[in-house]
Amino acid sequence: MDELDESVLLPEGHRYAMFGGGDDDSIKTYYEGVFETVFIVFHPFLAPIGHPTMIDRYTDLDNNEVEQQFRSVTWEEMRRRLGFRDVSRIDHALRTMIGALKLHAEDREGANRIIEYCERENVLPPGEGELSDLLKNQVLRVLLEMGEGWIWTGDEFCTERHLIHLSETLAADTWGMQHRTFFGYQHEWLIVSPWDSHFTLCCGSRAFIEQVVKQCELEGFYCDAETTINWSLSEHKLR
């Protein structure tokens with residue numbers, strides 16, 4: 001078989017199914033003409049509801065078990081406990097913790113403060129690049145209540161996607177869906193977590209997103225024309 005011609009490249013990704021903008025590019029501009037509104041959802045910190053040792057079992061739990069065994073700790077609550085001026089420093093410190101920043105842009109002091117607090121108080125910091133385990137069932141359940149049934153789920157750039165039904169997915173004890181995007185069957189909304197980010201983008205009409213945010217009690221903020229993936233690092237470069 002002949003080697004693949006170097007000129008054969010992936011086509012441009014579908015904006016209704018992924019995020020492909022740059023770190024310092026406007027999120028709303030990227031989705032212009034596709035989605036009216038974008039809400040940035042902070043991935044919550046997690047604290048065990050019962051015995052603190054449940055943290056040691058976290059990686060072995062499925063989404064349903066995480067929902068039963070853990071409660072969310074908001075970024076605002078963590079900001080107060082850590083003595084940070086605003087929640088943007090939490091995002092900055094979390095990116096530092098996973099090595100996503102150049103050395104000159106790191107907030108090592110903030111990262112150490114989060115690490116020390118979480119170890120002392122038995123709190124799990126949020127994961128990156130995928131909708132929070134605690135939020136997955138909650139968000140998908142609300143979508144089902146709002147009348148959604150069949151939806152698409154895909155990988156980071158949606159080069160691979162699957163059609164799933166929300167009722168069957170939520171009923172499964174272990175549905176094990178590791179895909180990073182969820183979007184409507186008619187492409188009218190999108191839930192996607194950018195790479196190296198401890199937050200998820202909820203995109204769609206203003207009325208639709210406001211309903212999801214309210215019913216799920218999501219913490220975060222609505223993007224304006226200037227908001228970028230790099231929103232917490234106004235004086236630094238991400239990479």
Side-chain angles (χ1 to χ4, degrees), residues 15-19 26-28 30-47 49 63-64 66-81 86-88 90-91 94 124 126-153 164-167 169-171 175 177 179-194 197-229 231-232:
R15 286 181 292 162
Y16 60 75
M18 57 172 279
F19 179 75
S26 166
I27 295 172
K28 289 200 72 174
Y30 177 77
Y31 287 120
E32 188 173 4
V34 181
F35 298 119
E36 176 187 12
T37 298
V38 181
F39 186 85
I40 287 182
V41 181
F42 301 152
H43 296 175
F45 290 75
L46 302 180
I49 295 173
N63 293 336
N64 293 324
V66 169
E67 189 177 21
Q68 295 164 4
Q69 298 297 332
F70 287 86
R71 66 176 181 87
S72 63
V73 180
T74 67
W75 285 27
E76 176 57 27
E77 184 177 350
M78 288 297 296
R79 181 199 67 77
R80 294 194 301 267
R81 293 182 181 185
D86 54 53
V87 295
S88 65
I90 291 180
D91 187 63
L94 289 173
L124 283 172
E128 77 282 357
E130 187 177 351
L131 185 64
S132 164
D133 286 338
L134 190 66
L135 292 182
K136 274 182 183 174
N137 279 11
Q138 295 175 4
V139 171
L140 297 184
R141 188 180 300 115
V142 163
L143 289 173
L144 182 63
E145 292 171 355
M146 291 171 61
E148 299 294 313
W150 290 101
I151 71 168
W152 292 99
T153 179
I164 62 173
H165 197 280
L166 285 172
S167 60
T169 299
L170 289 164
W175 54 280
M177 189 63 65
H179 292 147
R180 294 170 57 184
T181 69
F182 300 93
F183 57 102
Y185 185 73
Q186 300 295 338
H187 310 156
E188 67 273 34
W189 57 266
L190 167 67
I191 297 172
V192 58
S193 304
S197 297
H198 299 81
F199 53 82
T200 290
L201 307 179
C202 287
C203 315
S205 70
R206 184 76 182 198
F208 184 90
I209 298 303
E210 284 182 345
Q211 187 173 353
V212 173
V213 170
K214 180 179 180 180
Q215 292 189 218
C216 294
E217 299 182 339
L218 300 176
E219 183 190 25
F221 64 94
Y222 286 96
C223 293
D224 61 25
E226 305 301 320
T227 307
T228 71
I229 294 300
W231 60 269
S232 68

Who are the side chain to side chain contact (heavy atoms under 4.5 Å, CB included) partners of [X], not counting sequence neighbours?
X: E77; value: V73, T74, R80, R81
X: T228; value: N230
X: D224; value: E226, T227
X: S132; value: H43, P44, L134, L135

Interatomic distance, [X] atom [atom1] to [Y] atom [atom2] [nearest 0.5 angstrom]:
X: T169; Y: I164; atom1: OG1; atom2: CD1; answer: 4.0 Å
X: H198; Y: E128; atom1: NE2; atom2: CD; answer: 4.5 Å
X: K136; Y: L131; atom1: NZ; atom2: CG; answer: 6.5 Å
X: F35; Y: Y30; atom1: CZ; atom2: OH; answer: 10.0 Å
X: C223; Y: I40; atom1: SG; atom2: CD1; answer: 4.0 Å

Taking all non-hydrogen atoms of both residues, which atom of [X] and which atom of [Y] are closest, and how far apart?
X: I191; Y: C202; answer: CG1-SG, 4.1 Å
X: T153; Y: T181; answer: OG1-O, 3.0 Å
X: D91; Y: S232; answer: OD2-OG, 2.5 Å
X: W189; Y: E148; answer: NE1-OE1, 3.0 Å
X: F199; Y: P194; answer: O-CD, 3.6 Å

[X] vs [Y] side-chain heavy atoms within contact, under 4.5 Å:
X: P126; Y: L94; result: yes
X: F182; Y: L143; result: no
X: V142; Y: M146; result: yes
X: Y31; Y: L190; result: yes
X: L140; Y: I151; result: yes

Salt bridge (charged side-chain N to carboxylate O under 4.0 Å, His left out) partners for R15, two or more places apart:
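By the salt bridge (charged side-chain N to carboxylate O under 4.0 Å, His left out) rule, R15 matches no residue at all.
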Just to verify, what does E210 make a salt bridge (charged side-chain N to carboxylate O under 4.0 Å, His left out) with, not counting sequence neighbours?
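For E210, the residues satisfying salt bridge (charged side-chain N to carboxylate O under 4.0 Å, His left out) (neighbours in sequence not counted) are R206.
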Main chain of I90, side chain of R79: is a donor-acceptor contact present, judged purely on distance under 3.5 Å?
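No, because the side chain of R79 does not come within donor-acceptor range (under 3.5 Å) of the backbone of I90.
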Parallel, tilted or perpendicular: which one describes the rings of W150 and H165, with boundaries at 30° and 60°?
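It falls in the perpendicular class, over 60°.
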Partner set under side-chain hydrogen bond (donor to acceptor under 3.5 Å, both in side chains) for S26, not counting sequence neighbours
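Per chain and number, S26 pairs via side-chain hydrogen bond (donor to acceptor under 3.5 Å, both in side chains) with T29.
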Set of residues satisfying side-chain hydrogen bond (donor to acceptor under 3.5 Å, both in side chains) with respect to S205, sequence neighbours excluded:
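Applying side-chain hydrogen bond (donor to acceptor under 3.5 Å, both in side chains) to S205 gives none.
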Test R141 against E145 for side chain to side chain contact (heavy atoms under 4.5 Å, CB included), laying out the working first.
CA-CA 6 Å; R141 188 180 300 115; E145 292 171 355; 4.0 Å; yes
Which donor-acceptor pairs under 3.5 Å do the side chains of residues 214-222 make with protein atoms, sequence neighbours left out?
residue	atom	partner	partner atom	Å
Q215	OE1	Q211	NE2	2.9
E219	OE1	W75	N	2.8
E219	OE2	W75	N	3.3
E219	OE2	E76	N	2.9

Does one side chain, of S193 or T200, offer a donor that lies under 3.5 Å from an acceptor on the other?
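Yes, a side-chain donor-acceptor pair sits under 3.5 Å.
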Contacts of type ring pair (Phe, Tyr, Trp, His ring centres under 6.0 Å), residue Y16, not counting sequence neighbours:
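For Y16 the ring pair (Phe, Tyr, Trp, His ring centres under 6.0 Å) partners, ignoring immediate neighbours, are H14, F183, H187.
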Do I229 and F19 pass the side chain to side chain contact (heavy atoms under 4.5 Å, CB included) test, and can you show the C-alpha distance, the side-chain angles, and the key distance before you say yes or no?
CA-CA 10 Å; I229 294 300; F19 179 75; 3.4 Å; yes
